[in-house]
K.L.:
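Got a structure for you, questions after.
The chains referred to below are lettered A, B, ... by the order of the sequence lines, with proteins before strands, and numbering in each begins at 1.
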Amino acid sequence: MAFIEFNGPFDLAATLESGQAFRWRRETADEIGPPWFEGVVFSNIVHIRQVGERLEWAASPDSEQSLAPILRDYLRLDEDFSAIISALEFDDTLRAGLAEHTGLRILRQEPWECLVSFICSANNNIPRITKNVEDMASAFGTPIQAGSGERNAFPSPVQLADAGEAKLRELGLGFRAKYVAAAARRVAEGEFDLYSLREVSYQDALDTLIEFAGVGDKVANCVLLFSMDKPEAFPVDVWIDRALRDWYFSESDEKISRNKMRTWAQARFGEHAGYANQYLFHGRRLRDRN
DNA sequence: AGCCAGGCCCTCC
DNA sequence: GGAGGGCCTGGC
């Protein structure tokens, strides 16, 4: 067992269950205290929970000592969250969203897994995306040598390229199987390194990502925001579409395209548009559930 | 039965 | 350059 201390608003459960990442499971409560989560990240099984201003966690097979800085990075615990809040609270709607979802953070995920996950998100729903991702790992990923639980690392580009479209279709990916297989071949061939997109501009990275079949503006912006250090990314899906129309646009904007919505939002919310996106997204969904 | 789900691609205008 | 239809699959 290891511990991570942190400062500022942070809500582990909200962050892990916000639909950014698809391999975290809330474990059934069998003791008093906050819930545990089990996830697979960086080829490790990680158990983690938040107790107040501190995280309790354990990893396998790597040592907690070696994984600690990586996990800290993954959770963006060193991000200047107060600067983000003060940059966004000029907007009344966002100020409400910030209060409603205090501590919801954006993760810094592994780019390949993130890309494949969001290719699978097209015209899909979260439970099925989660199943698709887990099934790919079970079928083609490398088993993790850990004491308990049988979970596999997310498959590498080579592993998914070797699997091929037909076997991915058997897992139930549907028309997305073709896109995943093609992306896997392209990355496996070493044409470029997805991590290198962390080092280039937002626009250059976006232009590169949408060259993948099955990756349009929305999916690319998710990958940029959740794995490639592009906080200005702003994915416009059906929920953001509704949120902007409800809260910012008038009926005369009926015909505005989602691409225009993105550039409008980026102009308004600036370098932290991605966080604005998360609070609008979850705020709008919450309203529909109530 | 028919529609929708955190879209994308293709065709046609 | 953008509107419209089709798409795997599963749930309601």
K.L.:
Looking only at the side chain of A:Ala122 (C-beta and beyond, no hydrogens), which of the listed nucleotides B:dC8, B:dG6, B:dC9 gets closest?
P.N.:
B:dC8
K.L.:
NE2 of A:His282 versus P of B:dG6: gap in Å, rounded?
P.N.:
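Value for this atom pair: 12 Å.
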K.L.:
Between A:His101 and A:Tyr279, what is the ring plane arrangement, given parallel below 30°, perpendicular above 60°, and tilted in between?
P.N.:
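A:His101 and A:Tyr279: parallel rings.
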K.L.:
Specify the separation, in whole Å, of atom CD1 of A:Ile129 and atom C1' of B:dG7.
P.N.:
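Answer to the nearest Å: 11 Å.
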K.L.:
For A:Arg242, which contact category applies under a 4.0 Å heavy-atom criterion: base, sugar-phosphate, or nothing?
P.N.:
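Contact class for A:Arg242: sugar-phosphate only.
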K.L.:
Applying a 4.0 Å non-hydrogen cut-off, can you work out what A:Ile126 is touching in the nucleic acid: base, sugar-phosphate, or nothing?
P.N.:
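The answer is base, as A:Ile126 lies within the cut-off (heavy atoms under 4.0 Å) of a base atom.
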K.L.:
For a quick check of understanding: with a heavy-atom distance under 4.0 Å over all strands, which category does A:Ala213 fall into, base, sugar-phosphate or nothing?
P.N.:
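Touches sugar-phosphate only.
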K.L.:
If you check the A:Val219 side chain, which of B:dA5, B:dC8, C:dC8 turns out closest?
P.N.:
B:dC8
K.L.:
When you match A:Gly214 and A:Cys222 each to their closest nucleotide on DNA chain B, which lands nearer the 5' end?
P.N.:
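Nearest nucleotide further toward 5': that of A:Cys222.
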K.L.:
In the structure shown, which nucleotide is the Watson-Crick or G-U wobble counterpart of B:dG6, with both distances under 3.5 Å?
P.N.:
none
K.L.:
Hey, does A:Phe226 reach any base, or is it just sugar-phosphate, or nothing, if we go heavy atoms under 4.0 Å?
P.N.:
base
K.L.:
Do the side-chain N or O atoms of A:Arg169 get closer than 4.0 angstrom to the phosphate oxygens (OP1, OP2) of C:dC7?
P.N.:
no
K.L.:
Please state how far atom CD in A:Glu165 lies from atom C1' in C:dC7, giving the value in whole angstrom units.
P.N.:
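From A:Glu165 CD to C:dC7 C1': 13 Å.
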K.L.:
Between C:dG6 and B:dG6, how far is it from one P atom to the other, in whole Å?
P.N.:
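Roughly 22 Å separates the two P atoms.
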K.L.:
Take the protein atom CG of A:Asn125 and the nucleotide atom P of B:dA5, then report the distance between them rounded to whole Å.
P.N.:
10 Å
K.L.:
Picking from B:dC9, B:dG7, B:dA5, which would you name as closest to the side chain of A:Lys218?
P.N.:
B:dG7
K.L.:
Is there, by distance only and without an angle test, a donor paired with an acceptor across the side chain of A:Arg285 and the base of B:dG6 below 3.5 Å?
P.N.:
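Looking at the base of B:dG6, it does pair with a donor or acceptor on the side chain of A:Arg285 (distance under 3.5 Å).
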K.L.:
Is the closest basic N to carboxylate O distance between A:Glu89 and A:Arg95 below 4.0 Å?
P.N.:
no
K.L.:
If I take atom CG in residue A:Asn259 and atom P in nucleotide B:dC9, what distance separates them, rounded to the nearest angstrom?
P.N.:
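Rounded to whole Å, this separation is 13 Å.
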K.L.:
Does a salt bridge link A:Glu38 with A:Arg151, judged by any charged N lying under 4.0 Å from a carboxylate O?
P.N.:
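Yes.
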K.L.:
Closer to the 5' end of DNA chain B via nearest nucleotide, is it A:Phe281 or A:Val215?
P.N.:
A:Phe281
K.L.:
Quickly work out the A:Trp239 CH2 to B:dG7 P distance and round it to whole Å.
P.N.:
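Taking CH2 of A:Trp239 and P of B:dG7, I get 10 Å after rounding.
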K.L.:
Would you indicate which nucleotide in B:dA5, C:dA3, B:dG7 comes nearest to any side-chain atom of A:Lys255?
P.N.:
C:dA3
K.L.:
Whether A:Arg176 contacts C:dC8 is assessed here as follows: a side-chain N or O lying under 4.0 Å from the phosphate OP1 or OP2. Is that the case?
P.N.:
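For C:dC8, neither OP1 nor OP2 has a side-chain N or O of A:Arg176 closer than 4.0 Å.
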K.L.:
Does CG in A:Asp80 sit with more than 12 non-hydrogen atoms of other residues, nucleotides or ligands closer than 6.0 Å?
P.N.:
yes
K.L.:
Do the side chains of A:Lys260 and A:Asp253 get close enough for a salt bridge, i.e. N-O under 4.0 angstrom?
P.N.:
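No salt bridge links A:Lys260 with A:Asp253.
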K.L.:
Which is true for A:Gly216 with a 4.0 Å heavy-atom rule: it touches a base, it touches only sugar-phosphate, or it touches nothing?
P.N.:
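Counting heavy atoms under 4.0 Å across all strands, the contact made by A:Gly216 is with sugar-phosphate only.
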K.L.:
Below 3.5 Å, does any donor atom in the side chain of A:Arg258 face an acceptor in the base of B:dC8, or the other way round?
P.N.:
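No, the side chain and the base share no sub-3.5 Å donor-acceptor pair.
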K.L.:
Could you give the CD1-to-P distance, from A:Ile119 to C:dC8, as a whole number of Å?
P.N.:
16 Å
K.L.:
If you look at every strand shown and take non-hydrogen atoms under 4.0 Å, does A:Ser18 touch a base, only sugar-phosphate, or nothing?
P.N.:
base
K.L.:
Under a 3.5 Å cut-off for both contacts, is C:dC8 paired Watson-Crick or G-U wobble with anything, and if yes, with which nucleotide?
P.N.:
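Because no pair has both required distances under 3.5 Å, C:dC8 counts as unpaired.
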K.L.:
Rounded to the nearest Å, what distance is computed from the CG atom of residue A:Leu280 to the P atom of nucleotide B:dG6?
P.N.:
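Spelled out: CG on A:Leu280 to P on B:dG6 is 17 Å.
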K.L.:
Parallel, tilted or perpendicular: which describes the rings of A:Tyr74 and A:Trp24, with under 30° parallel and over 60° perpendicular?
P.N.:
tilted
K.L.:
Considering only C:dT9, B:dA5, B:dC9, which nucleotide approaches the side chain of A:Tyr179 most closely?
P.N.:
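In terms of side-chain proximity for A:Tyr179, the closest of C:dT9, B:dA5, B:dC9 is B:dC9.
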K.L.:
Here's a test for you: under side-chain hydrogen bond (donor to acceptor under 3.5 Å, both in side chains), which of A:Asp246, A:Thr93, A:Asp241 qualifies with A:Arg284?
P.N.:
A:Asp246
K.L.:
Considering only the P atoms, how many Å lie between C:dG10 and B:dC9, rounded to the nearest integer?
P.N.:
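Going atom to atom, P in each nucleotide, I get 23 Å.
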